[in-house]
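These notes are about the structure you will find just below.
Below, chain A is the first sequence line, B the second, and so on; all start at residue 1. Since the model is a prediction, treat every value here as computed from it, not as a measurement.
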There are 2 protein chains.
Amino acid sequence: MAHNTPTMKEIAKRLGVSVTTVSRALQNHPRIGLRTREQVHELVQEMGYVPNSTAIYLKKRCTFNIGVVLPFLTEQFFSLAISGIEDTTTKQGYSVLVVQSRNNFEREKAAITSLIKHGVDGIIVSVASETQTYLHLDEAQKHGVPVVLFDRVIKRAPNSCVYSDIVVGAYEAIAFLISRGLRRIALLNGPNTLQATEERLRGYVKALQEYEIPVNIHYIKSLNLTKEDTIRKTNELLNLSELPQAILAFHDYIALDSMQVCKERGFRINKDIFFVSFSNLSFCSYLDNPPIASIEQFPYEMGEKAAQILMNDITNPGSSIRQEVVIKSKLIQR
Amino acid sequence: MAHNTPTMKEIAKRLGVSVTTVSRALQNHPRIGLRTREQVHELVQEMGYVPNSTAIYLKKRCTFNIGVVLPFLTEQFFSLAISGIEDTTTKQGYSVLVVQSRNNFEREKAAITSLIKHGVDGIIVSVASETQTYLHLDEAQKHGVPVVLFDRVIKRAPNSCVYSDIVVGAYEAIAFLISRGLRRIALLNGPNTLQATEERLRGYVKALQEYEIPVNIHYIKSLNLTKEDTIRKTNELLNLSELPQAILAFHDYIALDSMQVCKERGFRINKDIFFVSFSNLSFCSYLDNPPIASIEQFPYEMGEKAAQILMNDITNPGSSIRQEVVIKSKLIQR
DNA sequence: CTGTTAGCGCCTTCAT
DNA sequence: ATGAAGGCGCTAACAG
């Protein structure tokens, strides 16, 4: 329970100077004797002195920690986003506190409270599928802790946010399938609480309408993102008298589970039924029959951008205006 | 740059009591007026007071943060381990600072220094493939920050560590292949710096010897865990006049890349050449031809155990004796 | 039951 | 060029 790092006080004592002098030497303050500065730096090396950022916090009011709250680290999409966040924040001396919400609203709320308690200087959030409100984000703002949302954003929230142009992505995916001569296209969509769900639907409908294909309500399923639900809804699609020829999945994980159901029921992937999905996860390249296309959303870049905005909000608390950044997605054919 | 959380001082002022009283009320100190306590709690709610753990740190000498350093969050193995760590530490009010080393020693070293600077109470490390020394871990110990290693451990290090019984795992994997009638078995092993590499080799050799199969030195390759190297070494194996019938891979990611090379060169997976690997990653179940067996290493449990040991080291700094915990692995046939 | 005092490690005026 | 003093938010003796 006790860090025993040497303190400035000890260095000062061994050098027979005041703590102030040591402090200034460490900050390369101009008005300090060259000789003294050198001695201090030597001793710092020798004693392995590390400044106590916790104490600095009390003065400067910042911990150089930021918090990240997201559904699952195990989804590559999010771990890539973390990498983007980490790379831009560490450059500025910030570390990253990671908490998983597991798509549970209560956990998400607790995570944010906990992060505030731990004194983070800012928070980046990708909300849980359950989350329907942004009041828990307000709490952070109230404490002067800026919040930036990414990917799973709540657009009516007052926070800056970074997300990809899902409507366009979904539109292009459907257009691609239609160009392949497919017309009966189903949509395994996400939970209705998510903005991203609505946008996929918009792109889907838009493309169908443009190509004058009637929208079949039975082809549109809303999932809660659990495996069981994916299996159930896929079976519902496969039980229809007018079988869909293709499925646009909410993301690759959903596609994978759905594809498995199809295979088990004797459908040949990308022959009897085609798949297109979001995320473009790298491991799909190992599949014999991956989705024929996937919408790359550049999670690393999204994390990067979100971190940049947050860093800016932290550094210039005054000038922080709400930003909405759209990362262009890209349809990758396989 | 400024958290504007209400402080105890303000609560005290509004209630016309001293800060101490508020402090005690908050801790449910026995010697405090019931009435006062209630008033304090009410005001805390109303003002949204959150204790400043940074300030508490100065007294208690603990930040309730722990650091985790590991190669890649994008490897499911590690993100599962994080979940195990997170679940056991959050129970005790600790948060997790995550830093990725990307298998680079310098990054790992910098990560540890940074974590110390951020005042973490303890650190959990899975070392980079490049790492050959544990001197950078000593630095933490010197600062009174306990360190626990997991999975990628350095066993001659003075730290507690948690790892799986790789020798047994490799042995069972090879025995399994032999029981399938395969005798020419190659080993795509990890970098020689890792303990885990040597252990895989031990298990491999032991099994072959027990079944009186000569060890062919050309069947044993040491990889640096990059994709390029995996491709190169797999090609070397496939160029041998006596082709291996099976390959034991360092882990599933290696197996996947290696399998792809085999496929490209016209070998049929699990017909012409069989694969077995470590990790038992969930997404392998989506493959048409996954490795016929994989050694499950229970990363979640490993993280959990490492966190438990660390929590104990932090809470009882005196009684911390070096522990070495072995998590039993399990051969999963597919 | 409550208040006073001192101090955790560091930074920042204000003096010297 | 250097020191002394005060304070960031909180806790913990020590007094009442």
Mind calculating the distance between [atom1] ([X]) and [atom2] ([N]) to the nearest angstrom?
{"X": "B:H29", "N": "D:dC14", "atom1": "NE2", "atom2": "C1'", "value": "12 Å"}
{"X": "A:R35", "N": "D:dT2", "atom1": "CZ", "atom2": "P", "value": "11 Å"}
{"X": "A:K13", "N": "D:dG3", "atom1": "NZ", "atom2": "P", "value": "15 Å"}
{"X": "B:N52", "N": "C:dG9", "atom1": "CG", "atom2": "C1'", "value": "14 Å"}
{"X": "A:Q39", "N": "D:dT2", "atom1": "CD", "atom2": "C1'", "value": "14 Å"}
{"X": "A:L15", "N": "D:dA1", "atom1": "CG", "atom2": "P", "value": "17 Å"}

Original post:
Starting at the 5' end of DNA chain C, which residue's closest nucleotide do you reach first, B:V17 or B:A55?
Top reply: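 Looking at DNA chain C, the more 5' nearest nucleotide goes with B:V17.
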[N] phosphate, OP1 or OP2: any side-chain N/O from [X] under 4.0 angstrom?
{"X": "B:T21", "N": "C:dG3", "answer": "yes"}
{"X": "B:K9", "N": "D:dC8", "answer": "yes"}
{"X": "A:T36", "N": "D:dT2", "answer": "yes"}

Original post:
Does B:R322 use its side chain to pair, donor to acceptor, with the backbone of B:A157 at less than 3.5 Å?
Top reply: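 Present.
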Original post:
Any sub-3.5 Å donor-acceptor pair from A:S129's side-chain atoms to A:P191's backbone N or O?
Top reply: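 No: the side chain of A:S129 does not pair with the backbone of A:P191.
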**OP:** Using a strict 4.0 Å threshold on nitrogen-to-oxygen distance, state whether A:D151 and A:K305 make a salt bridge.
**Re:**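 Here A:D151 does not pair with A:K305 in a salt bridge, since their nearest N and O are not under 4.0 Å apart.
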Subject >> Ion pair B:E108/B:R152, N-O distance below 4.0 Å >> reply: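 Result for this pair is no, no salt bridge flagged.
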Original post:
Side-chain contact, heavy-atom cut-off 4.5 Å: A:E130 with A:S101?
Top reply: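 Side-chain contact under 4.5 Å: no.
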**OP:** Any chance you could list the contact pattern along nucleotides 11-16 of chain C? Use B for base contacts, S for sugar-phosphate-only contacts and - for none, protein heavy atoms under 4.0 Å, 5' to 3'.
**Re:** BB----
Subject >> Intermediate values then yes/no, side-chain hydrogen bond (donor to acceptor under 3.5 Å, both in side chains), B:T20 and B:S23 >> reply: CA-CA 5 Å; B:T20 316; B:S23 171; over 6 Å; no
